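Computed from a predicted structure; not experimentally measured. The first residue in the sequence is number 1, and the count goes up from there.
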Amino acid sequence: GYNLMAKGHKSIGHLLLKIGLACYFIITALCLFGIGNSIKSSEVYDAVYGIFSGDVAKIVGIIVAIIVLIGGIAVAIDIFKDLGKYDNTIMFVLTIVWAVIAIVADIFGKKYGISHFGDEPLFWLLNVAKDLLIIGGIQSIRD
């Protein structure tokens, strides 16, 4: 059979992190395109519509969905084949996009932002922790 460890994964944990991130980004992107729903896709739209409005918000939402989808597909491909020089570029862009999403949603978001810390502090802290795990995960799979 095909040995996934032969591709150069540092550990089983490293491989599982890539599988988890690929699934998370691809599913979040699909939800952003309206196929299903997730808390994170709702947060992203909350963040986008917090800054933009109308058609501009729709366009920005689509652009974010495309970037997240490309990132998820790149991580999925990277499980089996080294993307070489593109890997770090894609991961850098994904880190920036996710950091912006996290900051806007977790701080300024109307439905999920810090203004709701008083109502549901554990929910808010868990969302921040999830974003930190995702950003840390992206950074740890970079070559």
Residues Ile114, Phe108; criterion side-chain contact (heavy atoms from CB on, under 4.5 Å); working and verdict = CA-CA 7 Å; Ile114 189 105; Phe108 304 107; over 6 Å; no
Is the shortest heavy-atom distance from the side chain of Ile66 to the side chain of Phe33 under 4.5 Å?
-> yes
Side-chain contact test, heavy atoms from C-beta onward, threshold under 4.5 Å: evaluate it for Ile101 versus Glu43 and give yes or no.
-> no
Is there a path from [X] to [Y] through hydrophobic residues (I, L, V, M, F, W, Y) whose side chains come within less than 4.5 Å of each other?
X: Ile27; Y: Leu69; answer: no
X: Val68; Y: Ile59; answer: yes
X: Val128; Y: Leu21; answer: no
X: Leu133; Y: Ile107; answer: no
X: Ile134; Y: Leu126; answer: no

Closest approach of [X] and [Y], non-hydrogen atoms and distance?
X: Ala74; Y: Met91; answer: CB-CE, 4.5 Å
X: Gly72; Y: Ala22; answer: O-CB, 3.7 Å
X: Gly71; Y: Leu94; answer: CA-CD2, 3.8 Å
X: Val48; Y: Ala57; answer: CG1-O, 3.3 Å
X: Ala65; Y: Ala29; answer: O-CB, 3.5 Å
X: Gly137; Y: Ser140; answer: O-OG, 3.0 Å

Rounded distance [0.5 Å steps], [atom1] in [X] versus [atom2] in [Y]:
X: Asp106; Y: Lys130; atom1: CG; atom2: NZ; value: 9.0 Å
X: Ile90; Y: Ile73; atom1: CD1; atom2: CD1; value: 10.0 Å
X: Ile138; Y: Ile96; atom1: CD1; atom2: CD1; value: 10.0 Å

Step-by-step side-chain contact (heavy atoms from CB on, under 4.5 Å) determination, Tyr24 to Ile19 | CA-CA 9 Å; Tyr24 193 84; Ile19 293 169; over 6 Å; no
Under a side-chain separation threshold of 4.5 Å, the hydrophobic residues clustered together with Leu122 are none
Check: Tyr45 side chain, Gly61 main-chain N or O, donor-acceptor pair, under 3.5 Å = no
Test Tyr49 against Lys58 for side-chain contact (heavy atoms from CB on, under 4.5 Å), laying out the working first.
-> CA-CA 8 Å; Tyr49 281 88; Lys58 285 179 191 167; 3.3 Å; yes
Between Trp98 and Asp131, a side-chain donor and acceptor under 3.5 Å | yes
Please test Ile141 against Asp78 for side-chain contact (heavy atoms from CB on, under 4.5 Å), starting from the C-alpha separation and ending with a verdict.
-> CA-CA 10 Å; Ile141 64 171; Asp78 192 59; 5.5 Å; no
Atom CZ of Phe123 with >12 non-hydrogen neighbours under 6.0 angstrom = yes
